[in-house]
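Please read the structure below before turning to the comments.
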Amino acid sequence: MWATPPQPLPLQLRRPPGLPPRLFLTRHRSSRLNRIAASQDPLTALSRLLWGRALPPAQLVLAVRHGWTAAWQLLMRQLAPSDPETGAFTRTPSGFPTVVGTPSSRLHLYVGLPCPWAHRALVVRALLGLEARLPVSVAVPGDDGAWSFTPDNPDGLYGKRKLREVYAVRSGGFEGRASVPMLWDAERREVVCNESIEISKFLCGLANADGGGLDLWPPELRQDIDRWCGFAQSQEAYDAAASELFGALDRLEAHLGGCRYLCGDRLTLADVCLFTTLIRFDLVYNTLFRCTRRKLGEYPGLHAYTRDIYQMPKVAETCDMEAIMAGYFKTLFPLNPGGIQPLPPASCDSESLLRPHGREALSSAAGTPLQAAGVS
C-alpha cells in the first residue's frame with residue numbers, strides 16, 4: 001500500500017531581523033506587484049491583483065456583457081442601420097444621388113478599397129481606360145470609422161486628413177455621412193455625385209464622348225441592366241437573410257450557366273455590380289457576416305464568372321484583397337472586436353482567380369463589342 005505523503009508545510013515568510021512586521025508586509029506586497037507588472041501586460045496584472053487566477057466576479061461579467069451589448073447596438077445603428085420591422089440592413093441614402101447639370105472637365109474620384117460600391121467605380125474607370133482623365137484619391141478606414149487619408153494614401157487635391165473635410169470644401173458646407181465613392185468637381189469645388197451606379201453611368205457617358213470602344217451601359221440593354229443592378233442592390237450578401245441570399249446565388253448560378261454575362265454576350269454595369277460583391281463573398285461575407293451555408297467556390301459557374309471578370313485587363317489591379325480584409329475585420333470592430341484577421345481562403349488567392357474560366361464557349365458569336373474593345 002502506498003504511504004500517505006506528508007502534508008506540505010504552510011508557506012512561511014521570513015522577516016529579516018530588525019524589520020518591523022508592517023514594513024515587511026508592505027515591502028512584500030510591493031515586490032509582488034512589481035513582479036506581476038514586469039511579467040505581464042497591465043490589464044493582466046490588474047486582473048491578477050484584483051481576483052488572482054479565479055474567474056472575474058459574476059457581477060462584473062454581467063455588467064460588461066450588458067454594457068457591451070448596449071454599446072454594440074448603438075454603434076451598429078449608425079454603422080449599419082437596419083429596418084426596425086425586419087432587422088434587415090438598410091443602406092443610408094446618398095446625399096448626392098444623381099449628377100445634376102454638366103460638371104467641369106476637372107474631375108476627381110474618391111474611393112475606399114474595402115467598399116464594394118467604391119470598387120464599382122474603380123472597375124468602370126479601369127475598364128473604360130479613364131485613368132489619365134480621372135485621377136483618384138484612396139481613403140482608408142480610420143480608427144474612428146471615418147474615411148481618412150494618410151501619408152501613404154494622401155488626398156491628392158487638398159491634402160485633407162478626413163474625407164468629410166473634402167465634402168466640407170463645397171460652398172454650402174456639408175452635414176451627413178461622408179461616403180465613398182464620391183465624384184468631385186475640382187473647378188467648381190462641388191460634389192458631383194456619391195451614388196455608385198450613377199457615377200458609373202456618368203463615366204460610361206464620359207468614355208462614349210471620347211469615342212471609347214467599350215460601352216458598359218448600351219441604350220438597348222439599359223432596362224435589363226437596371227433590373228439586374230436593382231437585384232444586386234437588394235440581394236447584397238451581408239444584408240439578406242440566408243434563405244434569400246443563397247436562393248439568389250442559386251438563381252444566378254442557373255442563369256449564368258447559359259450565358260457569359262448577365263445580359264448575354266456583353267459585359268455591362270450589371271456585371272460590375274455583381275462582381276464587386278462576389279469577389280468579397282468568400283473573403284469576408286462567408287465568415288464575418290455568417291453566410292456560411294456555401295462558399296462561392298462551391299458554385300462552379302459563379303466562381304468561373306468571377307474569374308472571367310477578374311482576368312480582364314486592369315481589373316485585378318483594383319482588387320486589393322489585403323485592404324478589403326483589413327477594412328472589414330479590423331475596422332468593423334463591433335462585428336469583430338478582437339480585430340483578428342483570418343487567412344484568406346484559397347478560392348480568393350491569385351493562383352485560384354487566374355485559373356482558366358472556360359466561359360468563352362458561352363459567347364454566341366465572335367467579334368462581340370467586348371472583344372472589339374480589346375477585352376477578352
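Only heavy atoms go into these numbers, but all of them, side chains included; no hydrogens, no water, no symmetry mates.
- Using a 4.5 Å heavy-atom threshold, the side chains of L278 and L249 count as touching.
- In terms of heavy atoms, H357 sits closest to R260 at CE1-NH2, 3.9 Å.
- The shortest distance between side-chain heavy atoms of L269 and C204 falls below 4.5 Å.
- Between the OG1 atom of T287 and the CE atom of M325 there is a distance of 6.5 Å, given to the nearest 0.5 Å.
- The structure places CD1 of I225 at 5.0 Å from SG of C263, a figure rounded to the nearest 0.5 Å.
- A donor-acceptor distance shorter than 3.5 angstrom exists from the side chain of D271 to the backbone of L262, with no hydrogens or angles considered.
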**Study point:** Stepwise side-chain contact (heavy atoms from CB on, under 4.5 Å) test for L127 and V272
**Key:** CA-CA 10 Å; L127 287 171; V272 173; 4.2 Å; yes
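- Y328 and F289 have perpendicular rings, their planes meeting at more than 60° on a 0 to 90° scale where under 30° would count as parallel.
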Point to revise | Verdict with supporting geometry, I279 and L353, side-chain contact (heavy atoms from CB on, under 4.5 Å) | key: CA-CA 10 Å; I279 200 70; L353 291 169; 4.1 Å; yes
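- With hydrogens and angles disregarded, a donor-acceptor distance shorter than 3.5 Å links the side chain of D282 to the backbone of G297.
- For R222 and W217, the positive end sits near the middle of the six-membered ring, less than 6.0 Å away and at most 45° from its axis.
- Side-chain contact between E322 and Q341 is present, with at least one heavy-atom pair separated by less than 4.5 Å.
- Ion pairing of K201 with D226 is present here, as a side-chain N (NZ or NE/NH1/NH2) and a carboxylate O approach within less than 4.0 Å.
- Atom CD of E220 has more than 12 neighbouring heavy atoms from other residues, nucleotides or ligands inside a 6.0 Å radius.
- Summarising the geometry of E131 relative to A126, their closest heavy-atom pair is OE2-CA, 3.5 Å, with the distance given to 0.1 Å.
- Atoms CG and CG, from N286 and L296 in turn, are 9.5 Å apart once rounded to the nearest 0.5 Å.
- Under a 3.5 Å cut-off, the side chain of R359 and the backbone N or O of C259 do form a donor-acceptor pair.
- The pair D144-K162 counts as a salt bridge, with a side-chain nitrogen and a carboxylate oxygen less than 4.0 angstrom apart.
- Aromatic ring orientation, F281 versus Y285: perpendicular (interplanar angle above 60°, classes split at 30° and 60°).
- Nearest heavy-atom pair, P181 versus L109, reported as atom, atom and distance to 0.1 Å: CB-CD1, 4.4 Å.
- Hydrophobic clustering (side-chain heavy atoms under 4.5 Å, transitive across Ile, Leu, Val, Met, Phe, Trp, Tyr) keeps M182 apart from V140.
- Heavy-atom minimum distance, R266 versus D215: NH2-O, 4.0 Å.
- The closest side-chain heavy-atom distance from F149 to S137 is below 4.5 Å.
- We find the CG-OG distance between D265 and S363 to be 5.0 Å, quoted to the nearest 0.5 Å.
- A donor-acceptor contact shorter than 3.5 Å links the side chain of H303 to the backbone of S347.
- In this structure, a donor-acceptor pair under 3.5 Å is absent between the side chains of N194 and Y110.
- Taking the six-membered ring for Trp and thresholds of 30 and 60 degrees, F96 and Y167 have ring planes inclined between 30 and 60 degrees apart.
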**Study point:** Audit row: V111, R125, side-chain contact (heavy atoms from CB on, under 4.5 Å) steps and yes/no
**Key:** CA-CA 12 Å; V111 299; R125 172 179 176 265; over 6 Å; no
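- Within a 6.0 Å radius of CZ in R307, other residues, nucleotides and ligands contribute more than 12 heavy atoms.
- Closest approach of A146 and R164 over heavy atoms only: CB-NH1, 3.4 Å.
- The shortest distance between side-chain heavy atoms of F275 and T306 falls below 4.5 Å.
- Judged purely by atom type and a 3.5 angstrom limit, Q311 uses its side chain to pair as donor or acceptor with the backbone of R355.
- Proximity of V136 to L134: side-chain heavy atoms (C-beta onward) are nowhere separated by under 4.5 Å.
- Nearest heavy atoms, W228 versus A270: CB-CB, 3.5 Å.
- Both M321 and L354 are assigned to one and the same hydrophobic cluster, defined by single-linkage of ILVMFWY side chains at heavy-atom distances under 4.5 Å.
- Within the model, atoms NZ of K160 and CG of D155 stand 8.0 Å from one another, a figure rounded to the nearest 0.5 Å.
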Review point. Does the pair L107 and W184 meet the rule for a side-chain contact (heavy atoms from CB on, under 4.5 Å), with working shown?
Key: CA-CA 6 Å; L107 298 174; W184 178 263; over 6 Å; no
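- Applying the 6.0 Å contact sphere to NZ of K295 captures no more than 12 heavy atoms from other residues, nucleotides or ligands.
- The OG atom of S105 lies 8.5 Å from the CG atom of D185; values are rounded to the nearest 0.5 Å.
- Under a hydrophobic clustering in which Ile, Leu, Val, Met, Phe, Trp and Tyr are joined whenever their side-chain heavy atoms come within less than 4.5 Å, directly or via other members, L252 and L362 fall into different clusters.
- At a threshold of 4.5 Å between non-hydrogen side-chain atoms, the residues P114 and T331 do not count as touching.
- Counting heavy atoms from C-beta on, the side chains of H119 and C319 come closer than 4.5 Å.
- Checked for salt-bridge contact, E253 and R294 miss the test: no charged N lies under 4.0 Å from a carboxylate O.
- Using a 3.5 Å distance cut-off with no hydrogens or angles, the side chains of R120 and S196 do pair a donor with an acceptor.
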